[in-house]
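Below is one structure, written out as structure tokens; the observations come after it.
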Amino acid sequence: MRYSQLLIPTLREDPAEAEVASHRLMMRSGMIRKVAAGIYSTLPLGQRVIQKTKQIIREEMNRAGGQEVFLPFIQPAELWEESGRWEVYGKEMLRLRDRGDRQFCLGPTHEEVITDLVRSTVNSYRQLPINLYQIHIKFRDEIRPRFGMMRAREFIMKDAYSFDIDENGAEESYRKMYEAYSRIFSRLGLTFRAVEADTGPIGGNFSHEFMVLADTGEDIIVTCTGCDYAANTEKAEIAKPVVSDADPAKFQALKRVETPDMRTIEEVAGFLNVLPEDLIKTLVFTSSQGPVVALVRGDHDINEVKLRNYLKCDSLELAGEEVIEKITGAPRGFAGPIGMKNVRIIADYGLQGCCNMVTGGNERDVHVVNVNFGRDVSVDEFADLRSAQAGDSCPRCNKLLSTTRGIEVGHIFKLGTKYSKAMNCSYLDREGKAQPMIMGCYGIGVGRTVAAAIEQSHDENGIIFPEPIAPFSVIVVPVNTNDAVQMEIAVNLYNGLAAKGVDVLLDDRDERPGSKFKDADLIGVPLRVTVGKNAVEKKYLDIKERKGGEAQQVAIDDAVAVIERRLKQPEV
RNA sequence: CGGGGAGUAGCGCAGCCUGGUUAGCGCGCAUGCUUCGGGAGCAUGAGGCCGCGGGUUCGAAUCCCGCCUUCCCGACCA
């Protein structure tokens with residue numbers, strides 16, 4: 001394509017609204033423009049990248065046996081009432097009415113619609129298993145959309161749904177998707193990791209997130225330095241420490257100290273001149289099972305997901321001021337486990353064996369020091385309640401865990417029968433008996449994947465696209481478009497490459513070379529061919545890789561072959 | 001929803017505190033000439049509901065009140 005005819009409105013300066021690299025660069029390179037918060041138009045350059053990404057996803061989904069469908073974006077309330085999610089979903093779902101006052105929503109996800117489709121068209125075990133997928137938009141009215149395409153309200157998603165006759169089949173379907181996802185992200189040229197994830201309220205036995213590794217990622221993932229264990233921090237287990245109870249001989253006398261207005265761990269530790277790890281953090285929660293008190297060491301973080309899973313309760317949240325006062329008799333900041341009655345207390349494993357600790361005194365402006373388990377506090381339950389940190393031990397091999405940041409681009413779930421039971425999606429088995437189908441669902445955020453690719457691969461000059469999703473593979477830059485010889489060489493090369501099926505862009509704009517080089521860098525085209533004086537006088541072209549390195553001089557006649565080889569083996 | 005910024009030309013910003021000619025600068029855009037291997041030079045020109053509504057005032061981009069939009073942090077999130 002000719003640059004002069006394309007709409008690529010690059011910006012010289014960073015747009016004020018964009019903070020993170022991918023957002024900034026997608027705006028600057030003219031890939032996207034904002035229409036409203038979390039809602040974007042995709043321009044030709046962005047569309048090319050999106051299409052290439054979609055195509056790779058599509059090919060791998062098809063290879064894995066998926067069948068492409070297209071489900072409605074506007075969905076009737078009845079389906080959601082059937083699954084019970086019309087009430088549950090909350091404000092994230094944008095609801096609307098048609099002229100007949102019937103209720104609809106903009107589809108935030110498609111379990112209901114697909115389940116409805118399958119129940120009405122699939123009746124026999126002979127038709128199973130089946131995997132249906134689509135690639136189109138979703139709308140979730142996020143509380144706070146941010147970072148451009150990374151967390152938009154309207155976004156493109158590939159979502160697939162599998163239906164099986166039994167658990168084994170469902171696990172096989174899941175495994176196929178796991179493999180397909182691994183192939184997809186590899187083909188896209190991304191550095192990624194599949195990690196174990198919490199299944200959340202959706203339930204099911206297992207779930208994996210596919211994370212693109214990037215320092216700016218919103219998620220923290222835990223990986224083992226010794227084995228291949230990797231998990232989201234919400235899920236990451238910590239090996240149960242092997243410790244014996246503290247020696248009572250070391251216990252010092254319990255003492256009450258005044259700590260005026262010292263509420264946080266840091267304040268108390270600083271005030272008493274002790275370390276955060278010498279404190280016991282006492283957290284009061286309200287849950288569907290009533291109030292619960294959780295204890296973790298001062299330098300550890302409570303993991304609400306772990307606590308919720310341990311308690312097996314539906315809801316769990318940090319208690320408000322009122323409940324805290326009722327349970328502890330003191331305002332927030334002075335809670336401690338001593339003397340607490342009629343409330344379930346669970347302590348993290350990290351507290352086992354600790355002695356002479358500091359806790360709140362359950363009284364305004366008072367803490368207690370030299371607190372010891374057994375003597376002062378009796379806790380019946382110890383459990384893994386805290387979030388893993390770098391330096392903790394791996395639950396599988398006991399080696400050290402480390403943490404890294406990632407961007408969640410894919411998530412696969414084994415759903416089980418939640419929707420098939422609620423919506424009566426069943427098949428007849430060999431005995432003619434109706435059985436609920438076992439479902440799985442599998443999502444990939446397409447726009448987020450592109451954003452993640454940019455986040456992972458850019459420099460101060462712009463995007464460095466992996467070749468498979470680059471908007472163009474090669475850009476041919478004639479230095480002076482008014483020079484007929486240069487233009488002829490450039491056009492011939494352009495035609496030669498295009499004839500070989502290479503995605504090539506000819507920068508035929510009558511601009512100064514500096515501007516054209518800057519734009520080429522900004523939009524991230526992997527290979528740049530410069531046609532200048534050297535081409536006219538010495539019959540060679542300069543081929544430069546976007547990711548860096550010296551330009552290579554190639555004879556004009558060899559250029560097409562050399563470029564083809566480079567694209568196949570970008571490492572050369 | 002809580003906290004903190006910001007809305008002035010397509011983009012980036014100044015002006016506002018201390019009200020007063022015709023609202024300015026850089027980039028971009030248009031035209032012409034000169035240039036042409038990393039965002040050129042000169043000249044001419046187009047482009048503004050100063051976010052919206054109300055108020056104060058002889059007079060409001062500027063002061064006051066209300067609203068809207070948007071960005072960041074937090075809470076939230078298959």
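Because the structure is a prediction, the values reported are computed rather than measured. Just so it is clear: chains get the letters A, B, ... in the order the sequence lines come, proteins before strands, and each one is counted from 1. Values below: all heavy atoms of this structure, side chains included; hydrogens, waters and symmetry mates excluded.
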Among [options], which nucleotide has an atom closest to any side-chain atom of [X]?
X: Arg146(A); options: C13(B), C73(B), G39(B); answer: C73(B)
X: Glu17(A); options: C36(B), G74(B), C71(B); answer: C71(B)
X: Glu13(A); options: G39(B), A78(B), G12(B); answer: G12(B)
X: Phe517(A); options: U35(B), C13(B), G38(B); answer: G38(B)
X: Arg140(A); options: G26(B), C71(B), A78(B); answer: A78(B)
X: Asn534(A); options: G12(B), G37(B), C36(B); answer: G37(B)
X: Ile143(A); options: C77(B), C76(B), G38(B); answer: C76(B)
X: Lys138(A); options: C73(B), A78(B), U70(B); answer: A78(B)
X: Val479(A); options: C71(B), G37(B), G39(B); answer: G37(B)
X: Lys544(A); options: G38(B), G37(B), G12(B); answer: G38(B)

Whole-angstrom distance between [N] and [M], as gauged at atom [atom1]:
N: G7(B); M: A14(B); atom1: C1'; result: 15 Å
N: U62(B); M: U21(B); atom1: C1'; result: 16 Å
N: C25(B); M: C42(B); atom1: P; result: 15 Å
N: G26(B); M: C17(B); atom1: C1'; result: 25 Å
N: A61(B); M: G20(B); atom1: P; result: 10 Å
N: A40(B); M: G3(B); atom1: P; result: 47 Å
N: C16(B); M: C73(B); atom1: P; result: 30 Å
N: G74(B); M: C67(B); atom1: P; result: 27 Å

Using a cut-off of 4.0 Å on non-hydrogen atoms, how would the nucleic acid contact of [X] be classed: base, sugar-phosphate, or nothing?
X: Met27(A); value: nothing
X: Arg153(A); value: nothing
X: Phe147(A); value: sugar-phosphate
X: Asp483(A); value: nothing
X: Lys516(A); value: nothing

Identify the heavy atoms of Arg546(A) and Asp521(A) that sit nearest to each other, and give their distance.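 What the structure gives for the nearest pair is NE-O, 2.8 Å.
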Distance-minimising heavy-atom pair for Ser162(A) and Tyr442(A):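 Between these two residues, the closest heavy atoms are OG-OH, 2.7 Å.
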Would you say [X] places a side-chain N or O within less than 4.0 Å of OP1 or OP2 belonging to [N]?
X: Arg12(A); N: G39(B); value: no
X: Arg512(A); N: G39(B); value: no
X: Arg144(A); N: C72(B); value: yes

Pair of N/O donor and acceptor under 3.5 Å linking [N] base with [X] side chain:
X: Asp521(A); N: G38(B); value: yes
X: Arg28(A); N: G39(B); value: yes
X: Glu511(A); N: G39(B); value: no
X: Asp542(A); N: G37(B); value: yes

Nearest-nucleotide wise, let me know which of Arg33(A) and Ser515(A) is further upstream toward the 5' end of RNA chain B.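 The residue closer to the strand's 5' end, by nearest nucleotide, is Arg33(A).
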Short N-O contact, [X] and [Y], less than 4.0 angstrom:
X: Arg405(A); Y: Asp215(A); answer: no
X: Arg509(A); Y: Asp519(A); answer: yes
X: Arg566(A); Y: Glu545(A); answer: yes

Is Met487(A) atom CE crowded by more than 12 heavy atoms from other residues, nucleotides or ligands, each under 6.0 Å away?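 Enclosed: over 12 neighbouring heavy atoms sit under 6.0 Å from CE of Met487(A).
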Exactly one of Arg151(A), Arg153(A), Lys91(A) should register a salt bridge (charged side-chain N to carboxylate O under 4.0 Å, His left out) with Glu142(A). Which one does?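 Going through the options one by one, the only one that passes is Arg151(A).
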Tell me the partner of [N], counting only Watson-Crick (N1-N3 plus N6-O4 or O6-N4) or G-U wobble (N1-O2 and O6-N3) with both under 3.5 Å; none if nothing fits.
N: G12(B); result: C25(B)
N: U70(B); result: G5(B)
N: G48(B); result: none
N: A43(B); result: U31(B)
N: A60(B); result: none

Please give, in whole Å, the distance from A75(B) P to Lys91(A) NZ?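 Value for this atom pair: 19 Å.
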Which atom pairs, donor and acceptor, lie under 3.5 Å between side-chain atoms of residues 471-485 of chain A and protein residues at least two apart or in another chain?
from: Ser473(A); atom 1: OG; to: Glu467(A); atom 2: OE2; distance (Å): 2.6
from: Asn480(A); atom 1: OD1; to: Asn482(A); atom 2: N; distance (Å): 2.8
from: Asp483(A); atom 1: OD1; to: Val485(A); atom 2: N; distance (Å): 2.9
from: Asp483(A); atom 1: OD1; to: Gln486(A); atom 2: N; distance (Å): 3.1

